[in-house]
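These notes concern the structure reproduced below.
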Amino acid sequence: MRIFLDSSAIIYSFEFPDSNSALIFDLALDKNVDAIISPRVLMDVKRYFREIKGKYYASLLDFILKSSFIIATVESIAGEMKRLEGRIKKKDLEQAAVVKKLNIPYLVALDRDFKAISEYRTPKAFVQLYGLKARKTEY
């Protein structure tokens, strides 16, 4: 099963280890799902943790994400980004383009701006879909 994991879910997985996001992150690390991210997601996660926990923590996460996740290239989705431009907020364009271009069935995030995308699932909804017992919160 392939999923796109947005920065919100990755950040929540570390900030809230007993969350649905953490369950999904573990599925990706254990290779039970093929998790795909975009360069923007990688950058957002690194920036967040550099500011909150410092450069060494951010570097460790960079290594984990690069070694455990598939990172789509901007070049591979350029045409899809152009096609979606104006229909999706600029901050979400790269993520949506990856999902559409690579036919990824699930975009897992905590971002209401993705509600217009049929592949969008909250972490809780994805955990339930996967057949695991979900935590009470959406994240």
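- The hydrophobic clustering, which links ILVMFWY residues whose side-chain heavy atoms are closer than 4.5 Å, places Tyr12 and Leu23 apart.
- Of the possible polar contacts, one joining the Lys124 side chain to the Lys136 backbone as a donor-acceptor pair under 3.5 Å is found.
- Every residue two or more places apart in sequence or in another chain that forms a side-chain contact (heavy atoms from CB on, under 4.5 Å) with Ile52 is listed here: Glu15, Tyr48.
- The two residues Ile117 and Ala96 make their nearest non-hydrogen contact at CD1-CB, 3.5 Å.
- You'll find the ring centres of Phe49 and Tyr56 outside the 6.0 Å limit.
- A donor-acceptor pair is defined here as one N or O able to donate and one able to accept, closer than 3.5 Å; such a pair exists between the side chain of Arg2 and the backbone of Asn103.
- Screening Arg50, Lys55, Lys46 for a salt bridge (Lys or Arg N to Asp or Glu O under 4.0 Å) with Asp62, the sole residue that qualifies is Lys46.
- Between Phe114 and Lys89 there is no side-chain heavy-atom pair separated by less than 4.5 Å.
- Between the CG atom of Asp92 and the CG atom of Asp6 there is a distance of 7.0 Å, given to the nearest 0.5 Å.
- For Lys115, the side-chain contact (heavy atoms from CB on, under 4.5 Å) partners at least two apart in sequence or on another chain are Arg112, Tyr120.
- Side-chain contact of Thr122 with Glu138: a donor-acceptor pair under 3.5 Å is present, judged by distance alone.
- Leu110 is connected to Phe16 through a chain of hydrophobic side-chain contacts under 4.5 Å among Ile, Leu, Val, Met, Phe, Trp and Tyr, so both are in one cluster.
- One finds a salt bridge joining Arg47 and Asp44 here, because a Lys/Arg side-chain nitrogen approaches an Asp/Glu carboxylate oxygen to under 4.0 Å.
- If you chain together hydrophobic residues whose side chains sit under 4.5 Å apart, Met43 and Leu61 never meet in one group.
- In terms of heavy atoms, Ala109 sits closest to Pro123 at O-CD, 3.4 Å.
- One finds no salt bridge joining Glu85 and Lys82 here, because no Lys/Arg side-chain nitrogen approaches an Asp/Glu carboxylate oxygen to under 4.0 Å.
- Annotation: side chain of Glu119 is not in contact with side chain of Ile104 (no heavy-atom distance under 4.5 Å).
- Counting heavy atoms from C-beta outward, Ile88 and Asp113 have side chains that stay 4.5 Å or more apart.
- Both Val108 and Leu93 are members of a single hydrophobic cluster when ILVMFWY side chains are connected at heavy-atom separations under 4.5 Å.
- Aromatic ring centroids of Phe4 and Tyr106 lie 6.0 Å or more apart.
- By the 4.5 Å heavy-atom criterion applied to side chains, Pro39 and Glu94 are counted as neighbours.
- Under the 4.5 Å side-chain criterion, counting only non-hydrogen atoms from C-beta, Asp34 is not in contact with Met1.
- Tracing side-chain contacts under 4.5 Å through hydrophobic residues (I, L, V, M, F, W, Y), one never reaches Val33 starting from Tyr139; they form parts of separate clusters.
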